[in-house]
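First comes the structure, then the notes that go with it.
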Amino acid sequence: MKTSDDNFAYSVDKFADLQILRYKVKGFDSLTLKQKELIYYLSEAALHGRDILFDQNGKYNLKIRRMLEAVYIGYEGDRTDAEFHALEVYLKRVWFSSGIHHHYSTDKFLPGFTVDFLLNAVMSLDKSMLPLSEGETVAGLCNKLFPVIFDPEIMPKRVNQADGEDLLLTSASNYYVGVTQQEAENFYSAMKSSEDETPVMYGMNSRLEKKNGEITEIVWKLDGEYGNAISKIVYWLEKAMNVAENSKQKEVIALLIDFYRTGDLKIFDEYSICWLKDTESRVDFVNGFIESYGDPLGLKASWESIVNFKDLEATHRTEVLSSNAQWFEDHSPVSSQFKKSEVKGVSAKVITAAILAGDLYPASAIGINLPNSNWIRSIHGSKSVTIGNLTDAYNKAAKGNGFRDEFVYGEYEKELLDKYADTTGDLHTDLHECLGHGSGKLLPGVDPDALKAYGATIEEARADLFGLYYIPDLKMVELGLTPDSEAYKAEYYSYMMNGLLTQLVRIEPGCCIEESHMRNRQLIAAWALEHGAEDGVVQLVVKDEKTYVVINDYEKLRSLFGQLLAEIQRIKSEGDYETARALVEKYAVKVNTALHSEILERYKALNLAPYKGFINPVYTVVTDDENNITDIKVDYSEGYTEQMLRYSRDYSNL
Ligand code: ZN
């Protein structure tokens, strides 16, 4: 499944509803040796936490993973057999989810092999390969784990959010043991004081257990729960501290180590503040108990890590835009009374991921906004970044998947997209975020919420149109943001195709469009289609019973976008609710049923995996005769199964 323009295999594997991608650590070779070393040590610290998440996601997950891995490695029967293949798929899913529940829906997934198959396979193995506890027999192990694997009634959901049920007793995650929801809520509300203006995130780094009628917190720290994994993490963090780029970064790492040693949440807050103030270092990382989506009460944080470094080129792009913010404001087609006399652009930081771990692996976010503590955010702010090389890998992998061949009209359009779409897609996002939302002003006395339920769609349309209007501008070529004056056509084509056709793949049959970004895209595309109809600017063309977008006049399309931008800004500035409502209801909400089912059918035939995740590169230390580190090499040849088995072998700490 090699799909790329530069012989790099972005797509690695596909099974169940998952696709595994690989990302490129662009720019790693140009880092200094010290920075590479720092990344290497932080990567080791990241990988050593792997087992923590498996255990947090469910108390049998580690044993199940190890039993399945033993079968996978030691099975001497027919490895081409359908049951063995089903076991392989199931194991790959367990690796992906760090447990037996779907990473996204949190529902338990069931194996495609039989109890007999697994029983025979386990029984035929040498006992030493199996994850037996002291005194446990093989039959005992099977009796304990098989119902958890096969019975749909046992631990059916990792995170239950159903209103009216005891969310803790019905959730399979391992954050509460024998504690009812009421007991946990009482336990934590007793800790909080309304006078405390800087409250720690109570319960964030512990399991709550009831034993002999008493409720206690089992804290995750060096000499406590997960201590074996945490001691390895601390070992590598200490090495990282010695090659830190500056004293601020050194302090960040020292505070994190202190937190892992003590489990003291006050120290975690100190660490968070120090971390968010470290904006000068090129290398950055997250390593710890961070997000609480896995706890129905939103208290307990799952373990995750990412190591990254600033993408100077992409960050430069957003800095160029924001430093020219006034020029863009002054030259926009918006009526001058709605313009800001003084406008500030936002400069977004773009980072390159070097390693993903825990709850960011293999499925990862493409942006990070931390810390999560409310009082820290309101007093000290937060660090917000986008992960450029992951987005890039998504784009590159999508190239060979048949999507463009199916929905793009002709060779001319396909070539446009191949040549420019990655660049112009990123640029449109930057224009939207760095300039679009910040442009324009409300007239005095206008209520910012005047557009009510239509406000979000109008606001997104305003930001999108600002970007669409400026992408063709020669200023873009002048600033070095597009390669030439043709590039914008790629964004225009993909925007219109998405807004009129392909975004419908995310809408269930019979439903209308509700999400405000999707509404905004259809609003703009459908409005431009209608208003350019007389001149044939954009058309929907049917060829071999398939509908396509054709753009006949790109320049006129730009002036239509400019016209709509001026009108949308007027609506916003004046708080013109009636016109906002009329526009959104007419263009943005309704879906043509026949066209919708055509698009859904064509999409389904492509057989694309809805969920994606990433495997990591492999870093290897190069030393000289005296054992001094002379370089760190990055390698991309490892496969998904290889990587997972290696991690299970080398980073198995619990
Ligand atoms: Zn937006």
Side-chain angles (χ1 to χ4, degrees), residues 314-315 317-322 324-325 328-329 332-334 338-340 343-351 365-369 377 381-388 390-391 394-395 421-442 448-471 476 481 488 491-492 494-496 498-499 502-503 506-507 513-528 561-562 564-573 575 580 583-584 587-589:
T315 302
R317 199 174 67 213
T318 68
E319 283 165 0
V320 166
L321 286 179
S322 64
N324 284 280
F328 289 101
E329 185 77 355
S332 90
V334 162
F338 307 136
K339 286 185 185 179
K340 276 193 179 127
V343 62
K344 271 207 187 89
V346 184
S347 152
K349 285 211 171 43
V350 184
I351 59 169
I366 53 168
I368 297 176
N369 191 335
R377 289 173 79 92
S382 64
K383 221 193 257 184
S384 176
V385 296
T386 58
I387 313 172
L390 299 190
T391 312
Y394 278 129
N395 290 341
D422 289 355
T423 307
T424 54
D426 284 348
L427 181 56
H428 185 247
T429 306
D430 292 340
L431 283 163
H432 175 118
E433 300 292 349
C434 302
L435 301 176
H437 281 305
S439 72
K441 67 171 184 197
L442 299 181
D449 297 322
L451 305 180
K452 295 178 205 154
Y454 301 104
T457 300
I458 293 295
E459 178 55 24
E460 292 310 323
R462 208 170 68 85
D464 260 4
L465 284 162
F466 199 91
L468 289 169
Y469 178 75
Y470 274 117
I471 272 205
M476 290 296 147
L481 297 171
Y488 78 96
E491 179 60 20
Y492 274 26
S494 55
Y495 196 92
M496 293 301 286
N498 187 41
T502 48
Q503 74 165 352
R506 290 157 64 187
I507 303 290
I513 301 179
E514 290 179 36
E515 200 274 328
S516 53
H517 293 82
M518 293 183 72
R519 281 189 168 187
N520 126 61
R521 291 184 207 119
Q522 182 169 296
L523 190 163
I524 294 172
W527 187 93
F561 287 149
L564 185 57
L565 171 59
E567 173 64 357
I568 294 275
Q569 181 62 56
R570 182 197 65 75
I571 291 169
K572 170 104 183 177
S573 293
L583 267 182
V584 173
Y587 297 103
V589 181

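Heads up: numbering here begins at 1 and tracks the sequence. Whatever order the structure lists ligands and atoms in, that order sets their numbers, starting from 1. Predicted model, so just to flag it, every value in this text is computed and none were measured.
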Check residues 450-458 and write down every donor-acceptor pair under 3.5 Å in which the side-chain atom is one partner and the other belongs to a residue at least two apart or another chain.
from, atom 1, to, atom 2, distance (Å)
Tyr454, OH, Glu585, OE2, 2.6

Check: What count do you get for protein N/O/S atoms less than 2.8 Å from the Zn ion (ligand 1)?
Finding: 3
Note to self: If we check side chain to side chain contact (heavy atoms under 4.5 Å, CB included) with Leu481, which of these qualifies: Leu427, Thr423, Asn324?
What the structure shows: Leu427
Margin query: Keeping Ser573 on the side-chain end and Lys441 on the backbone end, is there a donor-acceptor pair under 3.5 Å?
Written below: yes
Item checked: Nearest heavy atoms of Glu329 and Lys340, plus distance in Å -> OE2-N, 2.7 Å
Checklist line | Smallest separation among heavy atoms of His432 and Asp464, with atom names | finding: ND1-OD1, 2.8 Å
Next item on the list: Please work out which of the three classes, parallel, tilted or perpendicular, describes the rings of Tyr470 and Phe328, given edges at 30° and 60°.
Entry: perpendicular
